[in-house]
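First comes the structure, then the notes that go with it.
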Amino acid sequence: MSNKAIVEYDGKKLELDAIIGTENEVGLDITQLRAKTGMITLDPGYGNTGSCTSDITFIDGEKGILRYRGYAIEELAEKSTFLETAFLVLYGHLPSQKELNTFSAGISAEAGLHYAMKSHFDGFPANAPPMAILSAMLNTLACYNTELLTTATDGPKFEVPALKIMSKVRTIAAWAYRTSKGRPYMPPSPRLSYCGNFLHMMFSQPFDLYEVIPEVEKALDLFLILHADHEQNCSTSTVRMVGSARANLFSSVAAGVGALWGPLHGGANAEVIAMLNNIHDNGIKLSDYVEAAKDKNSDTKLMGFGHRVYKSFDPRAKILKLHVDRVLDKLHIDDPLLDIAKQLEDVALHDEYFIERNLYPNVDFYSGILLRAIGIPVNMFTVMFAIGRMPGWIANWREMLCQEQRISRPRQIYTGETLRSYVQIGSR
Ligand code: ACO
């Protein structure tokens with residue numbers, strides 16, 4: 001097999017190297033294209049553009065495969081924990097017991113927030129969107145840790161900010177929620193697990209501590225495992241791009257939060273619940289809803305369906321669908337939205353429009369129902385996604401720096417006016 005491709009345009013020819021990944025993915029190396037031919041490639045939305053090579057996550061969208069560092073998501077979901085998976089995503093190997101203990105202890109030790117940060121939370125209005133608070137407070141953390149504003153990829157200058165961010169993201173999220181409810185800050189409890197501690201900081205009252213239910217804790221842990229990384233999606237590419245300017249880790253992940261907030265990305269989990277509630281509360285016929293989602297003149301979309309990369313089932317959606325049933329059973333919850341979701345999925349999967357376009361449920365289709373069942377309010381759904389995605393963002397930021405990547409700076413094809421003369425205001 002040849003490892004070369006030839007681009008020919010207007011009499012100019014260039015031989016391109018094919019870069020072949022470990023799973024036989026092929027990318028044509030165009031890094032010399034402009035220098036040698038004056039041309040660039042055009043790919044709005046980057047659907048056909050590899051922005052980097054990466055050892056972290058492998059996705060085969062046609063076959064519905066997702067692996068972190070070579071381990072199948074199905075196996076990690078069944079056998080691992082979020083902290084173990086986070087270590088794997090960050091460092092590339094499953095930790096030994098000693099490594100895991102040190103990592104977990106480091107996370108626990110970093111759970112608290114500087115008390116001066118209270119004044120920042122107090123400054124937000126009660127209805128401030130938690131994603132705005134999260135992004136702002138991640139940058140605020142930088143202000144309290146100026147000695148850590150580096151681009152170190154090893155040693156304490158990398159590990160300490162990474163642990164701080166992974167740990168404090170829970171505390172910030174819980175405090176943001178409590179601010180919106182007018183409740184006082186609940187300090188972390190070091191004896192609780194990563195998820196148990198988060199639930200405690202969210203829901204405990206001063207004289208009425210939240211009782212962590214093992215099934216709820218496990219379901220949340222699973223949710224976080226499923227969100228730990230997803231290669232070059234919108235928010236991760238944002239983190240890499242911001243980091244490529246040698247921005248520190250705090251500001252790079254804060255930018256990732258902004259990208260994730262969008263309803264076409266992480267914000268879709270809340271939109272799914274809004275859609276299911278709308279169908280439920282207004283008694284909308286599912287076939288009518290699906291018809292509206294197909295109509296290009298309507299704003300309706302089947303939220304939680306479709307994916308840029310998966311052209312068959314999103315494997316995370318399959319795992320979640322199974323667990324949603326189990327968790328609801330264990331907690332004796334009968335959620336009418338789950339029935340609607342299952343029926344809606346069935347209608348869409350048998351509809352020509354969705355079949356032709358390979359539109360299947362994505363991770364967000366069932367994740368909202370799981371989060372609802374474990375008591376997370378809808379306006380916190382995307383924040384939960386951000387907590388889960390933190391190891392992936394940090395690992396990608398680090399990998400990009402280790403690769404000594406140049407600053408990200410795409411080009412464009414200019415389609416505006418050509419040179420024209422300035423006209424004074426009275427003569428226009
Ligand atoms: N409902 C109805 N039609 C859809 C949907 C949907 N959810 N998704 C895609 N389509 C249609 C498009 O209109 C387009 O139709 P056309 O070919 O007739 O023009 C076709 O399917 C292809 O879709 P694109 O928009 O080209 O797909 P793209 O890769 O750009 O977008 C996206 C992917 C943003 C996820 C899209 O499917 C979508 O908006 N889904 C709903 C929002 C959602 O669930 N987002 C979460 C994604 S997962 C995540 O970020 C964690």
Side-chain angles (χ1 to χ4, degrees), residues 43-49 57 59 61-62 64 66 68 73 131 222-239 256-276 278-279 284 286-321 337 340-341 344-371 378 381-393 396:
D43 184 21
Y46 307 134
N48 299 285
T49 298
T57 290
I59 299 177
E62 268 68 38
L66 169 60
Y68 301 154
I73 190 66
M131 285 297 271
L222 172 83
F223 171 91
L224 298 179
I225 291 174
L226 296 181
H227 287 79
D229 193 42
H230 211 238
E231 54 123 290
Q232 303 314 312
N233 55 81
C234 179
S235 54
T236 303
S237 300
T238 300
V239 171
V257 171
L260 190 70
W261 192 0
L264 296 188
H265 190 14
N269 52 17
E271 297 288 329
V272 170
I273 295 297
M275 172 185 78
L276 296 174
N278 178 26
I279 293 172
I284 299 172
L286 297 182
S287 53
D288 289 350
Y289 194 87
V290 167
E291 282 312 309
K294 288 154 50 176
D295 181 357
K296 301 283 178 215
N297 296 317
S298 96
D299 289 337
T300 307
K301 256 191 176 183
L302 192 45
M303 296 311 286
F305 255 70
H307 199 276
R308 171 61 61 79
V309 178
Y310 293 119
K311 298 304 165 199
S312 71
F313 251 93
D314 177 339
R316 302 166 300 173
K318 269 193 199 164
I319 297 169
L320 275 175
K321 186 177 175 185
L337 298 196
I340 296 175
L344 194 56
E345 176 188 330
D346 195 52
V347 174
L349 290 180
H350 289 93
D351 189 292
E352 258 329 291
Y353 173 98
F354 291 88
I355 295 169
E356 264 172 24
R357 289 168 179 76
N358 294 314
L359 300 172
Y360 291 85
N362 60 49
V363 66
D364 291 321
F365 196 66
Y366 285 106
S367 66
I369 296 173
L370 184 82
L371 291 176
V378 176
F381 282 8
T382 314
V383 172
M384 302 309 298
F385 191 153
I387 297 175
R389 185 52 54 86
M390 224 33 102
W393 286 344
N396 272 277

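Computed over heavy atoms, backbone and side chain alike; hydrogens, waters and symmetry mates excluded. Whatever order the structure lists ligands and atoms in, that order sets their numbers, starting from 1. Residues take their numbers from the sequence shown, with the count starting at 1.
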**Report entry** Residues which pass salt bridge (charged side-chain N to carboxylate O under 4.0 Å, His left out) with Lys321, listed by chain and number, not counting sequence neighbours
**Finding:**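 In terms of salt bridge (charged side-chain N to carboxylate O under 4.0 Å, His left out), with neighbours along the sequence ignored, Lys321 is linked to Glu345.
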Query raised in the report: Partners of Asp314 by salt bridge (charged side-chain N to carboxylate O under 4.0 Å, His left out), sequence neighbours excluded?
Result: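 In terms of salt bridge (charged side-chain N to carboxylate O under 4.0 Å, His left out), with neighbours along the sequence ignored, Asp314 is linked to Arg316.
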Report task. Write down, by chain and number, every protein residue that brings a non-hydrogen atom to less than 4.0 Å from an atom of ligand 1. Result ->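 Answer by chain and number: Leu264, His265, Ala268, Ala293, Lys296, Lys301, Leu302, Met303, Gly304, Phe305, Gly306, His307, Arg308, Tyr353, Arg357, Leu359, Asn362, Val363, Asp364, Phe385.
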Query raised in the report: side-chain hydrogen bond (donor to acceptor under 3.5 Å, both in side chains): which pairs involve residues 352-361, sequence neighbours left out?
Result: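 Every pair satisfying side-chain hydrogen bond (donor to acceptor under 3.5 Å, both in side chains) with a residue in residues 352-361: Lys296-Tyr353.
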Query raised in the report: Considering the options Leu344, Asp351, Leu359, which one meets the side chain to side chain contact (heavy atoms under 4.5 Å, CB included) requirement together with Leu302?
Result: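 By the side chain to side chain contact (heavy atoms under 4.5 Å, CB included) criterion, Leu302 pairs with just one of Leu344, Asp351, Leu359: Leu344.
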Query - Tyr310-His230 aromatic ring centre distance below 6.0 Å - result: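 Yes, close enough.
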Query raised in the report: Is Asn233 close to His265 at the side-chain level, that is, under 4.5 Å between some pair of heavy atoms?
Result: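 Yes, at least one pair of side-chain atoms sits under 4.5 Å.
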